[in-house]
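The structure appears right after this line, and notes come after that.
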2 protein chains.
Amino acid sequence: MHFLSIIEAIKARRESLQVTQKALSDLSGVALGALKKFESGRGNPTLSTLKKLCDALGLEITLSVKKTINP
Amino acid sequence: MHFLSIIEAIKARRESLQVTQKALSDLSGVALGALKKFESGRGNPTLSTLKKLCDALGLEITLSVKKTINP
DNA sequence: ATAAAAAGTGCATTATAGTGTTCTTTTTTG
DNA sequence: CAAAAAAGAACACTATAATGCACTTTTTAT
């Protein structure tokens, strides 16, 4: 899967808040196993799971029209 | 589920491009059933499914730090 | 007003995400 | 360095997303 930037945004935010995976799991209600799998790049979370993590981390999910030339 | 803004972003973009659900299904590789379910508000797509739709629509998914007071 | 197209609904099946647990590896701390 | 904490990996089980299909309702065009 190619969610690298999303994975990294979650991870970076979690680390900048100095929250452990376990703590984020508790805060967000997402199972620790799922979080570990996702952060280690082997996950494909549902939008609901992603949103729980974002909510807990004070992140918002935005869809915007791409302005760059097709990569 | 509470993905209203995301659902609407997808729908609005699809309509502004004048693409039917069937055409978007073909373009993105997401099954028509899944797309219909999602757009009608009864879905919880995986990130991979959401990304396929966004890629086909020229949308990008962004995570950013919320600037508002906790709602 | 009617036909055609698009959108929405429901269902059975398959694939896989989420959960909970245990274990291993890595990182941090004293 | 050793102990503790955190991160990563692997498993069986459960829940549910994705698929493909058939059907109904709504919208659009003639």
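The model shown is predicted, which means the values in this text are computed figures rather than measured ones.
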*Could you go step by step and tell me if A:T49 and B:T46 meet the side chain to side chain contact (heavy atoms under 4.5 Å, CB included) rule?*
CA-CA 9 Å; A:T49 295; B:T46 60; over 6 Å; no
Whole-Å distance separating the [atom1] atom of [X] from the [atom2] atom of [N]:
X     : N      : atom1 : atom2 : value
A:L35 : D:dG8  : CG    : C1'   : 11 Å
B:F38 : D:dA18 : CZ    : P     : 9 Å
B:E39 : D:dT26 : CD    : P     : 18 Å
A:K51 : C:dG18 : NZ    : P     : 15 Å
B:L47 : C:dT16 : CG    : P     : 16 Å
B:N44 : C:dT16 : CG    : P     : 17 Å

_Using five pairs at each end of the helix from C:dA1-D:dT30 to C:dG30-D:dC1 to define an axis, what is the angle between those two axes, to 10°?_
70°
_Taking donor-acceptor contacts at under 3.5 Å, does the side chain of B:K22 reach the base of C:dA6?_
no
*N or O in side chain of A:T49 less than 4.0 angstrom from C:dG18 OP1/OP2*: yes
*Are any of A:S40's side-chain N or O atoms less than 4.0 Å away from OP1 or OP2 of D:dA7?*
no
Provide a list of protein-nucleic acid N or O atom pairs under 3.5 angstrom, restricted to nucleotides 20-24 of chain C.
none

*Provide the full list of side-chain hydrogen bond (donor to acceptor under 3.5 Å, both in side chains) pairs with a residue in residues 24-36 of chain A, sequence neighbours left out, each pair given once.*
A:Q21-A:K36, A:K22-A:D26
*asked:* Please list all pairs meeting side-chain hydrogen bond (donor to acceptor under 3.5 Å, both in side chains) that have one or both residues in residues 53-62 of chain A, counting only residues at least two apart or in different chains.
replied: A:K51-A:D55
*Heavy-atom contacts under 4.0 Å between residues 6-21 of chain A and DNA chain C, which residues?*
none
*Go through the steps to decide whether A:L35 and A:L24 satisfy the test side chain to side chain contact (heavy atoms under 4.5 Å, CB included), and finish with yes or no.*
CA-CA 9 Å; A:L35 176 55; A:L24 177 54; 3.9 Å; yes
_Selected nucleotide, minimal atom distance to B:R42 side chain, candidates D:dA10, C:dG10, C:dG18_ = C:dG10
Just verifying a value: how many Å separate [X] [atom1] and [Y] [atom2], rounded to the nearest 0.5 Å?
X     : Y     : atom1 : atom2 : value
A:F38 : A:N44 : CZ    : CG    : 9.0 Å
B:I61 : A:L63 : CD1   : CG    : 6.0 Å
A:L53 : A:L59 : CG    : CG    : 9.5 Å

*asked:* Do B:L57 and B:L32 sit in one hydrophobic cluster, given that two such residues count as connected whenever their side-chain heavy atoms are within less than 4.5 Å of each other, even indirectly?
replied: no
*asked:* Please find the pair of heavy atoms, one from B:C54 and one from B:I10, that lie closest to each other, and give the distance.
replied: SG-CD1, 4.0 Å
*So which pairs with a foot in residues 10-19 of chain A pass salt bridge (Lys or Arg N to Asp or Glu O under 4.0 Å), sequence neighbours left out?*
A:R14-A:E39
*Given that B:K52 and B:K36 both sit by DNA chain D, which one's nearest nucleotide is further toward the 5' end?*
B:K52
